[in-house]
Structure formats: structure tokens, C-alpha cells
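What follows is one structure encoded as C-alpha cells, with my remarks underneath.
Computed from a predicted model, the values in this text were never measured in an experiment.
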Amino acid sequence: IDAYYNVGAIYKERIQNNPKSVEAIEELLQRYPENKYKMQCYYHLYRTYSAMGNTTKADYYKNIILTQYPNSEYAQIILHPETAKDLAASKSQIEAFYEQTYAMYLAGKYAEALSNCKSAESTYAKNTLIPQFAYLKALCVGHTQNVDELENELRIVVAKYPKDPVKVKAQDMLDAIKKRKEKGKKKEQN
């Protein structure tokens, strides 16, 4: 399933061979009609057939999306094409805000970076960069507050984002803090 989907995407986006892309995605839907990419496949076929000028097939897949998935992001993009532009603009705006915040952190402006991280959590709560902001927030706390506060923030990152790569970084840092504390206790006992 993954291979068919990826082949279809590669043919469309990298090789720019729309007929081969359509062939791969339609083969996927034929062999595995209830696959995890079903809605994405319909949208892919809608876009690809539109690009090829085949309005009959494009409309067929558009209607499937609008009737079977009326509340999906894909349906919203079809109904309101400006939504796609807004989503792209919003994404680049958030990425720029993250870059700015990270630059503040690197420049040692921890309080300002921390403020930005808190702002991002409330402003962009559902964005994919939020785990990065949470981890950066923990690092800022580590520079402005005590180790216990840093540990608390790292535990929050680990608990809230168990599938994000920042979880590994946060856990590694927690493990290092734990080792350091254990060494400190051993020295006190001697």
C-alpha cells in the first residue's frame, strides 16, 4: 500500500509523469479499496486529472471527496481554493516565527525566546511545530530557572509528544540530569 502510494506521488511530483501517477494510484485503490490513503488517493487523482485536463475524471473524484468526506481539509480546499493558499501562508509564518525564536535562544535571549514559545502554544496550538516550541521552551526554562523546573518541562514534552522526535531529545536530557543527580548523591555519601 505504501509503495503504490509513494510511487504515485513520485511519478506526479518528481518525475512529472501524470499518466503513470494515475496508473499507480488507481492500481492501489483497485487492489486495496479500504487502504489508509483512500481519501488522499481521491484528492491526488482529482488534482492529477485536473492537471491533465480530464474534467470528467477530475469531477468524479471531486464528487467522491465532497460527498464522502465533506468536512475534510481536502473538501475545504476544493470548495475554497484560497484556503490552500492561506494554509501555506500560515505554515510559512509559523516556520518564520520558530526560526526567529530559535535565533533568540541561540543569542542567549532566553526570556524573550521563552515568551515566544508560550505565545506559540496558544496561537498555533494545533501546528506540527508545537512539539519543537515545547522543547525549546524547556531549554529556555533550563537557562532561566532551576533544574527541577527544567525536568518538569522535559517531562511535559515526553508525555505530550511521545511520537515526535523531540521526545527522544527530551528523554536523553532527562536521563543525563538523573545521572548527574545520582553522581552528586554518591559524592555526598562519601
Side-chain angles (χ1 to χ4, degrees), residues 1-103 105-106 116-117 119-136 157-158 160-172:
I1 291 170
D2 289 339
Y4 276 110
Y5 186 75
N6 291 333
V7 164
I10 289 168
Y11 271 123
K12 177 161 181 46
E13 304 300 331
R14 292 195 187 150
I15 300 174
Q16 298 177 347
N17 185 332
N18 287 335
K20 285 285 192 186
S21 176
V22 165
E23 186 180 310
I25 297 299
E26 286 184 336
E27 179 77 16
L28 166 60
L29 288 171
Q30 184 181 355
R31 286 184 179 220
Y32 308 100
E34 295 303 318
N35 71 77
K36 64 184 176 182
Y37 299 115
K38 187 176 176 179
M39 182 175 44
Q40 291 94 320
C41 287
Y42 292 147
Y43 184 71
H44 179 97
L45 290 168
Y46 159 71
R47 281 186 51 227
T48 308
Y49 277 123
S50 293
M52 294 168 64
N54 188 336
T55 54
T56 305
K57 285 278 198 173
D59 286 345
Y60 171 76
Y61 288 108
K62 175 176 86 171
N63 290 330
I64 290 175
I65 294 168
L66 295 178
T67 56
Q68 293 182 15
Y69 308 98
N71 298 321
S72 70
E73 187 176 305
Y74 296 112
Q76 296 310 307
I77 291 170
I78 290 169
L79 293 171
H80 311 286
E82 68 280 356
T83 302
K85 292 175 190 162
D86 291 345
L87 288 172
S90 170
K91 184 178 177 187
S92 64
Q93 179 185 15
I94 295 163
E95 288 170 353
F97 187 64
Y98 179 79
E99 294 294 326
Q100 174 190 6
T101 305
Y102 189 66
Y105 170 79
L106 292 176
N116 274 12
C117 290
S119 173
E121 287 176 341
S122 60
T123 308
Y124 308 115
K126 298 198 185 283
N127 188 273
T128 55
L129 279 177
I130 288 301
Q132 296 288 85
F133 275 108
Y135 181 67
L136 189 55
V157 171
V158 169
K160 279 179 96 172
Y161 310 107
K163 294 183 180 178
D164 194 272
V166 297
K167 183 250 185 194
V168 175
K169 294 178 189 176
Q171 189 61 57
D172 288 348

(Q) Quick one: does any side-chain atom of T101 pair with a main-chain N or O of F97 as donor and acceptor, under 3.5 Å? (A) yes

Q: Apply side chain to side chain contact (heavy atoms under 4.5 Å, CB included) to the pair V22 and K57, showing each step before the final yes or no.
A: CA-CA 11 Å; V22 165; K57 285 278 198 173; over 6 Å; no

Q: Would you mind reporting whether Y69 and Y42 have side-chain heavy atoms less than 4.5 Å apart?
A: yes

Q: Not counting sequence neighbours, list each pair that qualifies as a salt bridge (Lys or Arg N to Asp or Glu O under 4.0 Å) and has a residue in residues 47-56.
A: E13-R47

(Q) Just to verify, what does K38 make a side chain to side chain donor-acceptor pair (under 3.5 Å) with, not counting sequence neighbours? (A) E34

Q: List for me each residue that meets ring pair (Phe, Tyr, Trp, His ring centres under 6.0 Å) alongside Y102, sequence neighbours excluded, and say none if there are none.
A: none

Q. Does some side-chain heavy atom of Y46 sit less than 4.5 Å from a side-chain heavy atom of I64?
A. no

Q) Of all residues at least two apart in sequence or in a different chain, which pass the salt bridge (Lys or Arg N to Asp or Glu O under 4.0 Å) check with K36? A) D2

Q.
Could you report the tightest heavy-atom contact between M39 and S72, atom names first, then the distance?
A. SD-CB, 3.4 Å

Q.
How long is the straight-line distance from CG of L66 back to CD of Q76, given to the nearest 0.5 Å?
A. 9.0 Å

Q | With V158 via side-chain contact (heavy atoms from CB on, under 4.5 Å) - residues at least two apart | A | K167, A170, Q171, L174

Q: Any chance you could lay out the side chain to side chain contact (heavy atoms under 4.5 Å, CB included) test for I130 and Y161, step after step, and finish with the verdict?
A: CA-CA 9 Å; I130 288 301; Y161 310 107; 3.1 Å; yes

Q. Taking only residues two or more places apart in sequence or in another chain, which ones pass salt bridge (Lys or Arg N to Asp or Glu O under 4.0 Å) with K62?
A. D59

Q. What is the minimum heavy-atom distance between A75 and P70, and which atoms define it?
A. CB-O, 3.5 Å

Q.
Which residues pass the salt bridge (Lys or Arg N to Asp or Glu O under 4.0 Å) test with E23, not counting sequence neighbours?
A. none

Q | Under the side chain to side chain donor-acceptor pair (under 3.5 Å) test, residues paired with Y49 that sit two or more places apart | A | E26

Q: For Y5, enumerate each residue passing the ring pair (Phe, Tyr, Trp, His ring centres under 6.0 Å) test, keeping only those at least two apart in sequence or located in another chain.
A: Y37

Q: Please list, chain by chain and in numerical order, all residues satisfying side chain to side chain donor-acceptor pair (under 3.5 Å) with Q40, sequence neighbours excluded.
A: none

Q | Set of residues satisfying ring pair (Phe, Tyr, Trp, His ring centres under 6.0 Å) with respect to Y135, sequence neighbours excluded | A | none

Q) Looking at side-chain heavy atoms only, is the closest gap between L45 and Y60 below 4.5 Å? A) no

(Q) Tell me every residue that passes salt bridge (Lys or Arg N to Asp or Glu O under 4.0 Å) with E99, counting only those two or more places apart in sequence or in another chain. (A) none

